[in-house]
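One structure is given below, encoded as structure tokens.
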Protein chains: 2
Amino acid sequence: MDMTSALTAFSALSQQTRLEAFRLLVTAGDTGMSAGDIAGALDVRQNTLSANLSVLLQAGLVRNQREGRVIRYFADTDGMRGMLGFLLEDCCGGQPELCQPLIEDLTCREGECA
Amino acid sequence: MDMTSALTAFSALSQQTRLEAFRLLVTAGDTGMSAGDIAGALDVRQNTLSANLSVLLQAGLVRNQREGRVIRYFADTDGMRGMLGFLLEDCCGGQPELCQPLIEDLTCREGECA
DNA sequence: ACGTCATATCCATAAATCATGAATTATGGA
DNA sequence: TCCATAATTCATGATTTATGGATATGACGT
């Protein structure tokens, strides 16, 4: 992940509809959601959502897949990882004590996870 | 962290000078950097950088502290944590298998850290 | 008090971004 | 082939954002 890609990713998440859509897809996990369902859930017009999804696509934060008439979208884990890695890159290498508690907090609490 | 704060944070990081400044501060850790040093390192005009730092401040991603004539800036770990937590919120709760590898990859490898 | 250095703020202009409506492509069923 | 549905693309006007010059604040040394 380079500076330009990271900027594109952060920029993509800096708009309400896109951030909401992305979080929806993160929650949906491997199941994903169709463009129409996302539009319905967020109460946004179809073309507006479509434009926003394509921004997320270009940013590498979501993937999509045609299923008949429906186009299903998924959060792209690799894209997220790249973005977050870029942000924290030298934090971990240079200043472990800054990075460690941050990671710990993100990790699931109380064994809820895995 | 609510939607509005998260949007402000992502928006703050979606501009090159600000993203560079923030990463610089992440690397600097507890030492922080003066506004002037940041401007020098990034080769940006003083007033432009000042405006950008104030955006990062408002977004809760950096803190600052006056030291005589100099104003020293620091990455705000709590702010970062809030932003990332918001982004991954229901990923962890709802779909552990999506979240876990992401966290693992961010965690320092090979015991380099801590 | 004065000069100077380090930052911040104000203001105007240039540039980027966003939601919308209209038109378009692609798919599946009758 | 014709129609309806799902989604995208395009052009536009409105809003937002970035930048640079000038100016203001605040702190230090003399």
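Everything numeric here is computed off the predicted structure, so don't read it as measured data.
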Integer-rounded Å distance: [N] [atom2] and [X] [atom1]:
X       : N      : atom1 : atom2 : value
A/Arg69 : D/dC3  : CZ    : C1'   : 10 Å
A/Asn47 : D/dT8  : CG    : P     : 10 Å
A/Gln46 : D/dT9  : CD    : P     : 12 Å
B/Leu56 : D/dA18 : CG    : C1'   : 14 Å
B/Gln16 : D/dT17 : CD    : P     : 19 Å
A/Leu49 : D/dT8  : CG    : C1'   : 11 Å
A/Arg72 : D/dT8  : CZ    : P     : 14 Å
B/Arg66 : D/dC28 : CZ    : P     : 8 Å

Touch class at under 4.0 angstrom, heavy-atom based, for A/Ser54 against every strand present: nothing
Sugar-phosphate, base or nothing in reach of B/Arg45, heavy atoms under 4.0 Å: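 Since only primed, P, OP1 and OP2 atoms lie under 4.0 Å of B/Arg45, the category is sugar-phosphate.
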Rounded (10°) bend between the five-pair end axes of the helix from C/dA1-D/dT30 to C/dA30-D/dT1: 30°
Comparing A/Glu67 and A/Thr48 on DNA chain C - which has the more 5′ nearest nucleotide: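 Looking at DNA chain C, the more 5' nearest nucleotide goes with A/Thr48.
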Bounds of contact between DNA chain C and chain A, in 5' to 3' order, using a heavy-atom cut-off under 4.0 Å: C/dC18 to C/dG28
Where is the tightest heavy-atom contact between [X] and [Y], given as atom of each residue plus distance?
X       : Y       : result
A/Leu24 : A/Ala41 : CD2-CB, 3.8 Å
A/Ala12 : A/Val55 : CB-CG1, 3.9 Å
A/Ala9  : A/Met83 : CB-SD, 3.7 Å

4.5 Å side-chain heavy-atom contact, A/Met33 and A/Phe74: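 In short, these two side chains do not touch, never coming nearer than 4.5 Å.
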Any B/Arg18 side-chain nitrogen or oxygen under 4.0 Å from OP1 or OP2 of D/dA18: yes
Straight-line distance of B/Asp37 CG to B/Tyr73 OH, nearest 0.5 Å: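 OH of B/Tyr73 is found 12.5 Å from CG of B/Asp37.
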Side chain to side chain donor-acceptor pair (under 3.5 Å) contacts in which one or both residues fall within residues 43-61 of chain B, not counting sequence neighbours: B/Arg18-B/Asn52
A/Ser50, nearest nucleotide to its side chain (from D/dA6, D/dA22, D/dT8): D/dT8
Of B/Asn52 and A/Ile71, the one whose closest DNA chain D nucleotide lies more 5': A/Ile71
Please check if the side chain of [X] supplies one atom and the backbone of [Y] the other of a donor-acceptor pair under 3.5 Å.
X       : Y       : result
A/Arg81 : A/Asp76 : no
B/Arg72 : B/Thr31 : yes
A/Thr8  : A/Thr4  : yes

